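Keep in mind the model is a prediction, meaning the values are calculated, not measured.
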Amino acid sequence: MAAPSLHADTPKPYASDSDGQTAMPDQPGDTTTNSSLAKGDKAGGSSSSSSSNNGSPGRSFIRVFSYTDSLGWCMNGVALFCMIASGSLLPLMDVVFGRFVTVFNNYIVGTISADEFREDLNYYTLFFVYLFIAKFIFVYIWTTLLAANAIRTTRALRIDFVKHTLRQEIAFFDSAEGGSVSGHVTTNCNLVNQGISEKLGLAIEAMSTFAAAFVVAFIVQWKLTLITAGIVPAIVVTACIGMIIDTQQENRIMTINSRAGRLAEEIFASMRTVHAFWAFPKLASNYEVVLDEARAVGRKKGPNMAFLFCSEFFCVYSGYALAFWQGIRMYHSGEISEPGKIITVIFAVLLAATALTQIAPQTVVISKAASAADQLFSIIDRESKIDALSDEGARPDELRGDIEFRNVEFAYPSRPNVPVLKGLDVSMPANKTTAIVGASGSGKSTVVGLIERWFTPLGGAVTLDGRSIDEYNLRWLRTNIRLVQQEPVMFNGTIFENVANGLSGTKLEDLDDEQKLKLVEDACRAAYAHEFIERLPEGYYTPIGERGAMLSGGQKQRLAIARSVISDPRVLLLDEATSALDPTAEHVVQKALNNVAAGRTMVVIAHRLSTVRTADNIVVMGAAGAGVVEQGTHAELIARGGAYARLVLAQDLGEDRRDSDGEDEFADAEKDGQPPGGTDHGGVDEAVPTQAVEAAAATAATATATATSATVLSPAAKDAKSHDLNLLKCLYIIVLEQRELWLVFGVFLLACILGGATYPALAILFSRTLDTFTLTGDAMTERGDFFALMFFVVALGNLVAYAALGYWCNTIAQDIVKSYRLEIFNSVLRQPMAFFDRPENKTGALVSHLASEPQRLQELLSFNLGLLVIITINLVSSCVLAIVVGWKLGVVLVFGALPPLVLSGYLRIRLDFKLDADTAARFADSTALAAEAVMAVRTVASLALERVVIARYEARLRDIAAKSLGSLGWTMFWYALSQSISFLAMGLGFWYGGRLVSFGEYNMTQFYTIFIAVIFSGQAAATFFTYSTSITQAQRAANYIFRLRASVPPDNRDDYPPEGSSEKKDGAGVSLDCRELEFAYPQRPHAKVLKGVSVNVWAAPIFFPRHYPKRDTDNALPQITPGQFVAFVGASGCGKTTMVNLLERFYDPSAGTVMCDGVDFQTVHAGQYRREIALVQQEPVLYQGSVRDNIALGVDSTEPVSDEAILAACRQANINAFVASLPDGLATPCGAQGLQFSGGQRQRIAIARALVRRPRLLLLDEATSSLDTESERVVQAALDAAAKGGDGQQRRTTVAVAHRLSTVKAADRIFVFSHGNVVEAGSHDELLAARGVYYNMCLGQSLDRAPPSSC
């Protein structure tokens, strides 16, 4: 029989699936057995399976250019020509200057007259103007083209990286190989972009200068050039050795940083857990361990940096000594006829050597780019074991849906000796519903993973229609088999976009939006989601935030169901698909699922046995590896009285004994299209929009911006950015804060002064050496020897200065990058919860900032800062020297020529600052998309969304180069001006100084001193602005860090909260009194989620009228007394979890008060208040590291937690037997996001983490939703016992949010929520007797066993 289609008028689709990231039992995680959270996943990036195939970072760097298209190669070709031409201009200036020296010498000795001298002066001055024009044009062209093409090239690289990442098998993401995708896409791609844009251009330009200088020198005087060229091999060899060593060290650092990024990614995605357990210091300490490891490797770069820089500068200044010493002898012997030739050769060769030294800072950036490229290609080149993008495999036209497991054996790669399935034999017939039940970790979800081909069995076979599942095309398979997972994951976007994702890979994915909307609406009706969506102002186009943050758990699960059934799949897998629904919604959704199940294969995994009682076959699985214990229909298994019957008994799911009234109520409600217990009883009717989504709609403008851009800033963020500090102020604060580095800063400054003072010293020496050519005989050679020796002394001084500078600059850089990376991490952890609700603070964006901002600081505060200080000292001292030696010429040059140069450079910095921010913003949006996809890779895989994600990622990067071109063109105009205007300054000094000499106002020594000082200062100023990108990025990074720091609330700045008078209060639970609470989330202040809620214990069951009038708060209301068990129940999204958020002080109420032990909780230190509380959430969160580490995280003290205390908590959480069965016990790694374990196992570890805290108030938000019946019974008994005291345990107050009503039957008071109000309150028996809203909720779970009072 054909399956009833949800959209009969449309062609039969292939299929598509849904849902979030379900934890698989014993899922592959870290490949290491290290138990430390900080050291977990240490093997990241070094796996042989992911090692780069390209051989070396150098080859990786070259390979980056393979991502350049034809237009890009044309742009690069033109840019290359302009780089070479631009680099050749300085040597041509030396030719002009050399010829002028000859003219000058002739004038001094009287060979030519003053008029002839001024005529020659005017002639040669024009060459400086020509050089300025040429330099400006060439620099402008190559910088603009290269920067634009670098963005285009890295865009293609980013897309290819994301493509190859998403095609990897699931085990890859569970292991440490991949590192942080946000880190790769942001930091590594940014490093590559820097390495192939301006920095590469500067290196090529310097090499062009080097080559052109030698050509000029050889033409002028080949012999002297050849002698002086001896310094070049020394520079080349030292540079090559230094670069090779630096690249290797950078590779190691990047691997470590990748691990750090992955750890941060997990933590930033679970901030409620971090805040609930005040885990700031522990998680920061774990993160710091990884950073310390990176710093230790980074500090080893010190000797290499010292060797690299000191050797180069020593060779340059030694070359001065050699050239002058040899040149004066050749001139004395008559081998050289003109002194200008000697000056030309000296300047040309030394210009070549200086060009090589200018390459050194660029090679550091290029080596980082090469290492970053190598990291990226290690993943790009990795061959996926299960390739999601492969086109291979069979694609039959028909699919019946017969699934069979034949003697299947399976163990996860991380623990090959721990079998999960042993010889499993199960048949799942076509067009039938097969239910799989059993204890947590028995392998139920593993079965789903094998059907989805997330993993490959070690033995046996999984067949589909009699054919091995491996033979089918993977995309075809996953679009015909749809999955709804236990923990549903939505993507940032609208409701329509999320549900329409279910059409991916099917024939329907190319329909227009109008047709798709029809399918989406039909699917949402089937999943019982249409009504609440329709009541939203924007309906199906309402944005839902990152990971569906604007939705409740139940709403997300219904949308996930709609997303799965929209494509009308032949096989539907439901892994706890209704676990997050309230009873009423579950009843209707289950009926809808039963309807769509007709005529298709359904595999249902469930702990709520009410959802599987109608299954054609129920398979009961034993403990891990035990296989099938029994199977049959519900009636058959009940009759046998075996394992299934015991599970049913534990859930009160016996024979259906509803009374006639209850039956009629269900029937009538369903006829009307409404759930049982509709609006007559206060409105648990799910047709009414829930507050969370209403709130999203209330801020449609903000949310829409969120959906389209991850970088939209809140008003507060914009206001903060308007008060950004300038670079000098930022550097002052950084230096002030790094007290332990003050001595290092002192040595650093001394070395910079020595290096900067070299240039005015050289100007003086050069002016004196030119006097030597006017001497004759031995006096000339003796004077020449003396000045050659002085040049060598300068070389020795620079050897020491640059050795100290290289070593200590590296120390400063490594310490500062560690310090501020840790501070960003710490500051993010401690932000208020409203911070994470803002659209610009998605997980991917935060990880991106964590990776990139310290890197930007490091780039400036490494050797670049030393060079900038040296340049500044050079500029100032050269200008002072020029004015002191000759004030007329000095003043004209300093105040006439330098201001335009400085102004153009400053404007370039300001424009570069904006360009950098805009480019970062454009890339941040795409980074957030990639990070979101990888964090929910199981959802992406099950929906076959890989191609869709890649297409969306590519769309967000499309035209990014074109959009940047306008800003680039204007920015590079000022940059080109700053690089070329120094020729005009030289021309002005040349012309005006020559005239002063010709009129007898200056002698030759004065002129040469001032002119050479101006040359040095002009070049210094031009060089300064080559670092403008580093300056702007560092300023932006520092301001981000300072803004983040300032926004941390005062309470959250304490590592460990102060001891207070409320400390444990004799072990009793807390008393709570919530009075008239109103609340709206900060991002949507006009949409109230709670509307005057008062939570107290009443003497009798309470039923509030429909309009919920305000209660008389003057009446003395009994408060929640210590040791009570209070439950919040109601429809999904009615405000239950919001109440938990308020009790945890994640937010403060908009109105009303929460009295804790008689004290307003807002007056208590947040950490001190949370010390009394433990939280277990619906979606349990674990981190990299061992089971011990994750449980110990629950204790916020400096004292280590004993294994005895941890094991006691494990016993209470019914996880001790499982932990004992693990090979490493408590030391067993949990894997990335805890995905080594099943959902139930993770939830029990989370419960143990809460219990080890010994809280006085225990908050349970669907804490047992992922547990099997037996585990739930044991854990619930332990929680009940702990709440009531006894056996030496402290009494505690428990507040539980639950949809599974069997878990709250024993509650002292049950509060029924609807639309942000409490509509009923009483005990289980009282509310059943009242036959109101709660009674109807019980009917939905068959908890109404006659007589009601006996329930």
Requested in this report: Using side-chain hydrogen bond (donor to acceptor under 3.5 Å, both in side chains) as the criterion, list what pairs up with Thr273, not counting sequence neighbours.
Outcome: Gln1177
Exam field: side chain [X] to backbone [Y], donor-acceptor pair closer than 3.5 Å:
{"X": "Asp1073", "Y": "Met1155", "answer": "no"}
{"X": "Lys444", "Y": "Gly438", "answer": "yes"}
{"X": "Tyr1169", "Y": "Leu1143", "answer": "yes"}
{"X": "Glu1144", "Y": "Arg1170", "answer": "no"}
{"X": "Thr1293", "Y": "Val1070", "answer": "yes"}
{"X": "Asn1190", "Y": "Tyr1183", "answer": "yes"}
{"X": "Arg1145", "Y": "Phe1161", "answer": "yes"}

Query raised in the report: Yes or no on salt bridge (Lys or Arg N to Asp or Glu O under 4.0 Å) for Glu1172 and Arg1254, after CA distance, side-chain angles and deciding distance?
Result: CA-CA 8 Å; Glu1172 315 286 348; Arg1254 298 179 64 81; over 6 Å; no
Query raised in the report: Does some side-chain heavy atom of Tyr1335 sit less than 4.5 Å from a side-chain heavy atom of Val1333?
Result: no
Query raised in the report: Between CZ of Arg1253 and CG of Leu1175, what distance do you get to the nearest 0.5 Å?
Result: 10.0 Å
Requested in this report: Flag the pair Asp1157 and Arg1256 as a salt bridge only when some basic side-chain nitrogen lies within less than 4.0 angstrom of an acidic carboxylate oxygen.
Outcome: yes
Query - Results of ring-ring contact (aromatic ring centres under 6.0 Å, His included) for Tyr1147 - residues two or more places apart only - result: Phe1079, Tyr1081
